[in-house]
Amino acid sequence: DSIGYAYNEYNGMLKTNDFGESWEDIYYYGTQDINSYYFVSEETGYAAGEHGQIYKTTNGGFDWEVVSFQTALIYESDLSSIYFTEHDIGYVVGLHGRIYKTEDAAENWTSSAFTYNAINNISFPSNNTAYAGMQNQIIKTNDACQTWEVLNTEIDGRVKLLQFVTEELGYWIETRGAGYDSFYKTNDGCTTKELINMGFDYDGISSICFINSDVGYVCFNDTWPSSNEGIYKTINGSNTWMKVNDENGFTKMDFINSYT
């Protein structure tokens with residue numbers, strides 16, 4: 001329950017075994033930038049990113065193989081988010097409205113796209129229910145990506161990051177460009193939202209990862225140099241935050257359980 005991973009753009013990955021208190025270097029050997037990854041166990045994980053590439057590891061991130069639905073790198077086909085609801089069932093979304101699903105641990109992928117708009121991220125609080133950021137909208141499915149509805153939540157900018165812990169409780173980042181990020185929380189499935197105050201300027205948050213309703217982490221990318229670089233943790237549902245690591249430049253963080 002203590003294991004987690006954080007990714008450094010292009011050339012590095014860290015792993016923690018103690019709730020983020022300390023981190024060790026492991027490595028990703030691909031050549032494409034990674035936008036998202038998801039671990040279904042301590043050993044098995046998936047990553048998605050530039051040019052439509054999807055990778056899989058079965059030894060905790062030390063080695064990776066390509067498991068893409070594309071046979072080659074394709075320009076402007078970036079994948080932005082990958083999520084697994086069960087060990088073998090997963091989804092990936094990205095540019096041009098791409099939504100793909102696998103039911104056999106990335107051996108095969110099928111498309112269920114319904115739009116040409118870019119889908120920035122996807123999060124499943126349950127096996128069939130998902131929320132996704134589609135440009136400046138939040139959309140929701142209750143049937144495992146077969147149909148979608150656009151929610152009436154007022155969004156001021158593009159939905160850059162999004163995670164739902166339950167079908168009611170969720171977090172996301174809205175951005176209106178460099179230096180204009182806002183961090184929001186909903187307790188009612190996006191009917192209303194509240195602005196989160198971290199006690200400092202939180203522009204540059206590159207990943208949100210909540211383990212449960214109380215415990216969550218955010219990390220910062222060094223594109224935004226500031227005194228707030230590093231990894232921060234909350235244990236009271238985003239009311240207060242504390243720095244747990246000074247490492248910087250990470251674009252994605254994921255916990256597979258409460259400790260890892």
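What you are looking at is a predicted structure, and each value in this text was computed from that prediction instead of being measured.
- Here the straight-line distance linking atom OG1 of T129 with atom CG of D143 works out to 8.5 Å at 0.5 Å rounding.
- Ring pair Y38/Y83: centre-to-centre distance below 6.0 Å.
- Using bins of under 30°, 30° to 60° and over 60° for the plane-to-plane angle, the ring pair W64/F39 lands in the perpendicular bin.
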**Message:** Could you walk me through whether I173 and I208 satisfy the side chain to side chain contact (heavy atoms under 4.5 Å, CB included) test, starting with their C-alpha distance in whole Å, then the side-chain angles of each, then the deciding distance to 0.1 Å, before giving a yes or no?
**Reply:** CA-CA 9 Å; I173 299 285; I208 304 169; 3.7 Å; yes
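- Note: W172 and F164 have parallel aromatic rings, judged against thresholds of 30 and 60 degrees for the angle between ring planes.
- No single ILVMFWY cluster, assembled from side-chain heavy atoms under 4.5 Å apart, contains both L161 and L95.
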**Request:** Starting from the C-alpha separation in whole Å, work towards a yes-or-no answer on side chain to side chain contact (heavy atoms under 4.5 Å, CB included) for L151 and Y131.
**Result:** CA-CA 10 Å; L151 302 180; Y131 291 85; 3.7 Å; yes
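- Rounded to the nearest 0.5 angstrom, E42 CD and T44 OG1 are separated by 10.5 Å.
- To the nearest 0.5 Å, atoms CD1 (I235) and OH (Y217) are separated by 10.0 Å.
- When only modelled atom types and interatomic distance are considered, S126 and N128 share no side-chain donor-acceptor pair under 3.5 Å.
- Taking the charged nitrogens against the carboxylate oxygens, K101 and E103 do have a contact shorter than 4.0 Å, which makes a salt bridge.
- The distance from the OG atom of S207 to the CD atom of Q163 is 8.5 Å, given to the nearest 0.5 Å.
- Taking the six-membered ring where tryptophan is involved, the planes of Y46 and F84 are essentially parallel, since the angle between them stays under 30° and well short of 60°.
- The aromatic rings of Y232 and F220 sit perpendicular to each other, their planes meeting at more than 60°, with 30° as the lower class boundary.
- The backbone N or O of W109 sits nowhere less than 3.5 Å from a side-chain atom of T102 that would complete a donor-acceptor pair.
- Counting only N and O atoms by type, the side chains of N127 and E86 include a donor and acceptor under 3.5 Å apart.
- Rounded to the nearest 0.5 angstrom, T85 OG1 and I89 CD1 are separated by 5.0 Å.
- No donor-acceptor contact under 3.5 angstrom links the side chains of T110 and N108, judged on distance only.
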**Item:** Pair K56-E107, salt bridge (charged side-chain N to carboxylate O under 4.0 Å, His left out): steps then yes or no
**Value:** CA-CA 10 Å; K56 179 179 181 179; E107 292 292 328; 5.3 Å; no
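- Residues T234 and N236 bring a donor and an acceptor atom of their side chains to less than 3.5 Å of each other.
- Separation of atoms CD1 (I119) and CE (M134) is listed at 7.0 Å; rounding is to 0.5 Å.
- Screening T175, N121, N120, D181 against K160 for a side chain to side chain donor-acceptor pair (under 3.5 Å) leaves a single residue, D181.
- Closest approach of G237 and K185 over heavy atoms only: O-NZ, 2.9 Å.
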